[in-house]
Amino acid sequence: MSRTSQTTAGTAGPVLLGPGAHTALRPAAAAAIEGGFWQVRRAVNARAGIPQGPRLLESAGNLHDLRLAAGTAQGDFRGDYPFMDSDVYKWLEAASWQLGQAVPDTGSDPGSGPGTVSGPDAEDAAGRRDALAREVDRIIALVADAQQPDGYLNTWFQVTKGGARYQDLRWGHELYCAGHLIQAAVAHHRSTGGKELLRVATRFADHIDTVFGPGKAIESFDGHPEVETALVELYRETGERRYMDLAQFFVDRHGHGVLGGEAYCQDRVPLRAAENVEGHAVRQLYLLAAAADLACETGEAELRAAGERLWHAMTATKTHLTGGVGAHHDKEDFGDPFELPTERAYCETCAAIASIQWSWRMALLTGQARYGDLIERTLFNGVLSGVSLDGETWLYVNPLQIRDGHTDPGGDHSARRTKWFRCACCPPNVMRLLASLEHYVASTDGAGLQIHQYATGRYSGDAAGQPLIVSAHTAYPAAGAVTFTVEQTPGDLPWTLSLRIPHWSARFTVRVNGQEVPGAAADEGWLRLERVWAPGDEVALGLDLTPRLTRADPRVDAVRGCVAIERGPLVYCLEQVDHPGGGLDDIVIDPASPLTEDDRPDLLGGVVTVRAAGRRRAAPDSGHWWPYRAAGTGGTSPGEAGEAREADDPAVPLTAVPYYAWANRQDGSMRVWLPTD
């Protein structure tokens, strides 16, 4: 019997800790986002993003390939990669989480609170859900038909390689695809109670367990981690310990030169000995998420220490302001410490999602608020930029600058939003994260409830085994006010409501039932309010969203002498469309002038813009064919020349918009980091 068979379908999310987990926190017993900013984005995902999946998977050939493997279609394999199946599985996971939603996918205005949807809107939502359920059942049947009698399933190898298996572990992605299949099956089972896909996934996992492991035919691992964390979750879902043991084997085999010793495959150094994140960013982060899962379940101190050390190294030296990671287009690599380019920033959308998955597991493991800080930054900026406001187009890479006169390469690395990709890993990855987002908001520790992210909704925890429910209402991130109302509490038992105070909030206010809390202070990022709560008690938190200028560590050469605009959790950028009369490469911001803000409900779905004072540098003397000058030798000194030019530079009012909303209007230049001189 599965562990979730005793719970209501739809209450468990992507991480369901085992009964003996060694963690500080557990995911909230139940969670639902019911309004505000994130419900609007999730409603777009539900109405536009997820429903387009089957049509796009059909046109790209993924579903055709499943039919080929099942012997029910004729023709050639379609697609350029051996991991085409994974796009199907990620879509199935997204659709399954969506089917588990308790609230219709109608969306609401950002400032609205939770409420019941009825009438035509509810009927439309029910109709969409029924249509989605039929598509899910249809595609699950395709997957089941393609599976071989012994449980193996990979259309690339079944169709194009004559059934040869595990011949190219560095690039074949067979276990990577298996991992996404398992995660889809777990999502489907937890959301709907359906067992069809879970049977397919467990058969494949059982087959893998007969082939891989100590003393078995193959003592190696897949070059793209993913199956490891999926196997831990399958253990959590079924209680079958050998799945977690196999995940442990794979994690332990990394870093010993089994696949040639490449950092790209996470094979250069054992994880427990690593001092920094390296190689292919998504591969590294999926492996670290699995290591965190294992540390949660086994309590291994060395794995936990490695996770904390590598997380700090990543955030301190290899993370962009947006939370994005990945400096190199070549091999989708992290790059060196402080190598954080702007226009060549890779910042793959999948890497941002993997970062959130890892940070959530580390938050549960340690209880520390800093992981929620990074999740928030990455969610609002590094992930949300990857999907258009209408949910129809996508970005694979998320640069921090597009230069004037940019020549776009097109394809997967385009800086223009695209309907789909040859390597379509990112769109269904965004779909599955948004569809399960409520499960990353809150946690419980048996003594209360912790709120990691601020989203209108209802969140459940427990105190001494007794249930408690708190609702939240907020227009965040447009406004910094968040109101919490206690809806259910375990009698006269005291418990603690813990609220994450973001590291960027210079100050905050808190009131309980209208009364200011004397001496309220955050302890390592947590504001902890302990008392005997009663239904109807209200907590009003006010966070400081004053726009601010941010500088980078001086070792980040690419942005030395620049600042970026931030407001609350949002990173801002300039777009050419808001600055007619020239591009952005000559724009200079005046850091001494105040920043002001405007509420623009008419712009980009409703945003708060930030205005700043700037100027446009005068073009250098066009008579010079060489764009370089001697520094400080002869004639006018560089400082004097700069002062003379500045006097002639025209003033330009600057309008910054949230980075997540860029590339939704006209094609043109964009920049996050702004020169000050």
Side-chain angles (χ1 to χ4, degrees), residues 53-93 138-185 197 200-201 203-212 217-218 220-227 230 250 258-260 262 264-265 280 282-283 286 331-332 350 396 411-412 420-429:
R55 172 175 53 82
L56 293 167
L57 292 168
E58 194 70 75
S59 64
N62 306 70
L63 302 184
H64 166 76
D65 296 338
L66 285 168
R67 296 187 193 99
L68 287 180
T72 59
Q74 301 293 319
D76 297 327
F77 187 91
R78 292 176 56 195
D80 298 325
Y81 302 104
F83 46 86
M84 298 293 288
D85 298 353
S86 65
D87 300 335
V88 178
Y89 303 147
K90 279 185 278 190
W91 182 85
L92 280 172
E93 183 184 348
R138 178 177 72 88
I139 294 176
I140 287 175
L142 289 178
V143 172
D145 286 346
Q147 188 170 34
Q148 297 196 322
D150 64 353
Y152 180 85
L153 176 56
N154 185 285
T155 61
W156 170 272
F157 288 92
Q158 289 170 229
V159 174
T160 72
K161 301 297 180 182
R165 305 173 180 180
Y166 311 122
Q167 301 299 305
D168 184 7
L169 290 173
R170 178 185 179 277
W171 184 242
H173 290 67
E174 287 152 286
L175 303 190
Y176 167 82
C177 290
H180 280 301
L181 170 60
I182 291 168
Q183 288 177 325
L197 194 59
V200 174
R203 288 184 63 217
F204 198 176
D206 291 343
H207 163 76
I208 294 168
D209 188 46
T210 66
V211 176
F212 290 84
I218 303 177
S220 186
F221 55 88
D222 195 293
H224 196 311
E226 163 61 23
V227 74
F250 287 137
V258 177
L259 291 184
E262 286 184 276
Y264 177 75
C265 298
H280 188 284
V282 178
R283 296 175 188 232
Y286 280 169
K331 294 189 175 182
E332 302 181 313
C350 280
Y396 190 108
D412 291 357
W420 206 241
F421 303 103
R422 289 173 59 242
C423 177
C425 53
C426 296
N429 223 356

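Computed from a predicted structure; not experimentally measured.
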- Could you grab the distance from atom CG of Asp76 to atom CG of Asp65, nearest 0.5 Å is fine? 10.0 Å
- Between His173 (side chain) and Trp171 (backbone), is there a donor-acceptor pair under 3.5 Å? yes
- Note on the structure: Distance col, row Leu153:CG vs Glu174:CD, nearest 0.5 angstrom, shows 10.5 Å
- Message: Determine whether a donor-acceptor pair (N or O, by modelled atom type, separation under 3.5 Å) exists between the side chain of Gln158 and the backbone of Gln148.
- Response: no
- Are side-chain heavy atoms of Asn154 and Tyr176 found at a separation under 4.5 Å? no
- State whether the number of non-hydrogen atoms from other residues, nucleotides or ligands found under 6.0 Å of Asp80 atom CG is greater than 12. yes
- Task: Kindly indicate, with the supporting measurements, whether the criterion side-chain contact (heavy atoms from CB on, under 4.5 Å) is fulfilled by Tyr89 and Gln183.
- Result: CA-CA 8 Å; Tyr89 303 147; Gln183 288 177 325; over 6 Å; no
- Message: Within this structure, what is the NZ-SG distance for the pair Lys331 and Cys265, rounded to the nearest 0.5 Å?
- Response: 8.5 Å
- Would you confirm whether the ring centroid of Trp156 sits within less than 6.0 angstrom of the ring centroid of Phe83? no
- Task: Any chance you could lay out the side-chain contact (heavy atoms from CB on, under 4.5 Å) test for Val88 and Leu92, step after step, and finish with the verdict?
- Result: CA-CA 6 Å; Val88 178; Leu92 280 172; 4.3 Å; yes
- Message: Could you check whether Tyr152 and Phe157 have their ring centres less than 6.0 Å apart?
- Response: no
- Task: Determine yes or no for a side-chain-to-main-chain donor-acceptor pair under 3.5 angstrom, with Asp412 supplying the side chain and Cys423 the backbone.
- Result: yes
- Query: Do the side chain of Asp85 and the main chain of Thr155 share a donor and acceptor less than 3.5 angstrom apart?
  - Reply: yes
- Could you tell me whether the side chain of Asp87 and the main chain of Pro428 form a donor-acceptor pair under 3.5 Å? no
- Message: Looking at Arg78 and Glu58, is there a salt bridge between them, counting it only when a charged N and a carboxylate O are closer than 4.0 Å?
- Response: no
- Should Glu226 and Lys90 count as an ion pair when the cut-off is N to O under 4.0 Å? no
- Item | Straight-line distance of Leu197 CG to Glu93 CD, nearest 0.5 Å | 10.5 Å
- Message: Are the side chains of Leu56 and Trp91 in contact, using a 4.5 Å heavy-atom criterion?
- Response: no
- Query: Is Lys161 salt-bridged to Asp168, going by a charged N under 4.0 Å from an acidic O?
  - Reply: no
- Message: Quick one, Cys425 and Tyr396 - any side-chain contact, counting heavy atoms below 4.5 Å?
- Response: yes
- Message: How close do Pro82 and Gly172 get, counting heavy atoms only, and between which atoms?
- Response: CB-O, 3.6 Å
- Message: If you compare all heavy atoms of Gly179 against all heavy atoms of Ala230, which two are closest, and at what distance to 0.1 Å?
- Response: O-CB, 3.3 Å
- Message: Quick one: does any side-chain atom of Arg203 pair with a main-chain N or O of Pro149 as donor and acceptor, under 3.5 Å?
- Response: yes
- Item | Non-hydrogen atoms of Ala424 and Phe421 that approach each other most closely | CB-O, 3.5 Å
- From CD1 (Ile182) to CD1 (Ile208), nearest 0.5 Å: 5.5 Å
- Query: For the residue pair Ala164 and Gln167, what are the closest heavy atoms and their distance?
  - Reply: CB-CG, 4.0 Å
- Task: To the nearest 0.5 Å, tell me how far Leu175 CG sits from Leu169 CG.
- Result: 6.5 Å
- For Pro54 against Arg138, the heavy-atom pair lying closest together: CB-NH2, 4.0 Å
- Query: Is Asn62 reaching over with its side chain to a backbone N or O of Met84, donor-acceptor style, under 3.5 angstrom?
  - Reply: yes
- Query: Checking ring-ring contact (aromatic ring centres under 6.0 Å, His included) against Phe250, which of Phe221, Tyr286, Phe212 comes through?
  - Reply: Phe212
- Query: Going through the checks in order, is the side-chain contact (heavy atoms from CB on, under 4.5 Å) test met by Leu66 and Asp145?
  - Reply: CA-CA 8 Å; Leu66 285 168; Asp145 286 346; over 6 Å; no
- Task: May I ask you to decide if Cys177's main-chain N or O and His224's side chain share a donor-acceptor pair within less than 3.5 Å?
- Result: no
